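Whatever order the structure lists them in is the order used to number ligands and atoms, beginning at 1. Everything quoted here is computed from the prediction, not taken from an experiment.
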Amino acid sequence: MSSTIIIHHQKINRTVQTALDLIGTALLDLTDRSGKNVNFLFTNDREIQKLNRTYRNKNESTNVLSFPFTSGTDEVISSLPINELGDVVISLETARKEAEEMHLSFLQRLTWLMTHGFLHLLGYDHEQSEAEAIEMAKKEEMLLTVIDHYRRPVMPHLAINVDHVATIREARGITEPDPVTAAGICELAGAKGIVVHLREDRRHIQDRDVSILRETVQTKLNLEMGATKEIIAIALAIKPDMVTLVPEKRQELTTEGGLDVVSQKKKIAKAIEKFMKANIPVSLFIDADPEQITLAHEIGATFIELHTGKYANARDEMIRQQEYDLIKSSAEYAFQTGLRVNAGHGLNYINTAPIAAIDTIEELSIGHAIIARSVFTGLDQAVREMNDIITGASIL
Ligand code: PXP
């Protein structure tokens, strides 16, 4: 027997459900209750208000209610020969509101409420005395610290954009340095993906690079591209592991803003359809904007890549924090819709850790900072240092 997750009335995607299951199991393990049974029920404000009125004589909605199978202290309950611990009921509506107010991800708030409700089942009570309240808070904090390691639904990894190596090659118009060699070194040093942008004007990556990389990349080849007829045809012929659609302007130095899915819905939807038919997942490089995310989901994108440029380039700490909060809440929102979430642009050895700590982001696409550092340290070392930052941030 183990924890049982029952969802009522509200939609929760499968990944979140799996994460909630893990949290339930972790709570049982960490309190030496593995093998016992606990039910977590997720409902809405109206239903939790009904339960509060019926069983506690309080006609108001709340965030969490606990219904222990039996009463007593943790010690007494653990000595009883019973398998049932009881039910914890959580309002998803209130949890979501509280997550926003507290600047937490939805999953973080749910973890907190599950832990709190679970401790009530074990006899902990913060309403009886100050000493008991302190004891419960301590236990809650201890559990939350440990559970954080269980909770993360996706682990972030590093995909490296090697365009910048091709930029150096093209500056001379010769054959070195070769982005294909760079991709191999990146993979040997621990990168989990290689990204190249085949631009219409072929200013850095050439068709030959993409063809060879298709043969040599061992991890995952992500072809970044504008949704033009010519490049779509090349992508369909080469079959990268995924494509990332980006806006492309000839005058820009690098991709400046996110794709405007709202104004180009039809064109992008058509491109996605073509790639889906060829079994190539599509990511849309967009700004952290709920309208863009909703549409990306609606037209069938598998991933979005959140543009981190404004966060990375902010000179003012307050603006940087605002941009960060926007990326975090947008990633959470996208994740809840079922989209997979990547992020990139302008990330470097200083600003990457907070982005890697966002628990709904699975891939960071980084180019310039790594290639720039490699000039001084070598590419292998530059990749390993960035990987350490990402891994370190994700288990904080
Ligand atoms: N993601 C996208 C969609 C990009 O266009 C770029 C730039 O090529 C990157 C990530 C990487 O950005 P940077 O080179 O600043 O790390």
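Taking 4.0 Å as the cut-off between side-chain N and carboxylate O, D163 and R203 do not count as a salt-bridged pair. Looking at K50 and E47, a side-chain N of the basic residue comes within less than 4.0 Å of a carboxylate O on the acidic one, giving a salt bridge. Between K220 and E363 a salt bridge is recorded (basic side-chain N to carboxylate O distance below 4.0 Å).
Taking every non-hydrogen atom of S365 and a distance limit under 4.0 Å, the qualifying atoms of ligand 1 come out as 1 (N), 10 (C), 11 (C). Contact atoms of ligand 1 toward N161: 8 (O) (distance under 4.0 Å to a heavy atom of the residue). Ligand-side atoms of ligand 1 in range of V246: 3 (C), range being under 4.0 angstrom from any heavy atom. Close approach to E305 involves these atoms of ligand 1, each under 4.0 Å from a residue heavy atom: 1 (N), 2 (C), 3 (C), 10 (C). The contact set between ligand 1 and H368, taken as ligand atoms under 4.0 Å from a residue heavy atom, comprises 13 (P), 14 (O), 16 (O).
Contacts of H164 with ligand 1, taken as heavy-atom pairs under 4.0 Å, involve the side chain alone.
Taking distance alone, with nitrogen or oxygen atoms compared against 3.5 Å, E224 approaches ligand 1 more closely than that limit. Between T244 and ligand 1, no pair of N/O atoms sits closer than 3.5 Å. Considering backbone and side-chain N/O of F285, none are found under 3.5 Å from N/O of ligand 1. By the 3.5 Å distance cut-off applied to N or O atoms, G346 is counted among the residues near ligand 1.
Taking Ile, Leu, Val, Met, Phe, Trp and Tyr as members and joining any whose side-chain heavy atoms lie under 4.5 Å apart, directly or through other members, I350 forms no hydrophobic cluster with any other residue.
Results of the side-chain contact (heavy atoms from CB on, under 4.5 Å) test with L92 over T43, I48, L110 single out L110 as the only residue that passes.
Looking only at atom types and distance, the side chain of D87 has a donor-acceptor partner in the side chain of N39 under 3.5 Å away. A side-chain N or O of Q292 and one of D260 form a donor-acceptor pair less than 3.5 Å apart. Side-chain contact check for H126 and E132: no donor-acceptor pair (N or O, by modelled atom type) lies under 3.5 Å.
At a 4.0 Å cut-off, not a single heavy atom of H197 sits close enough to ligand 1 to count as contact.
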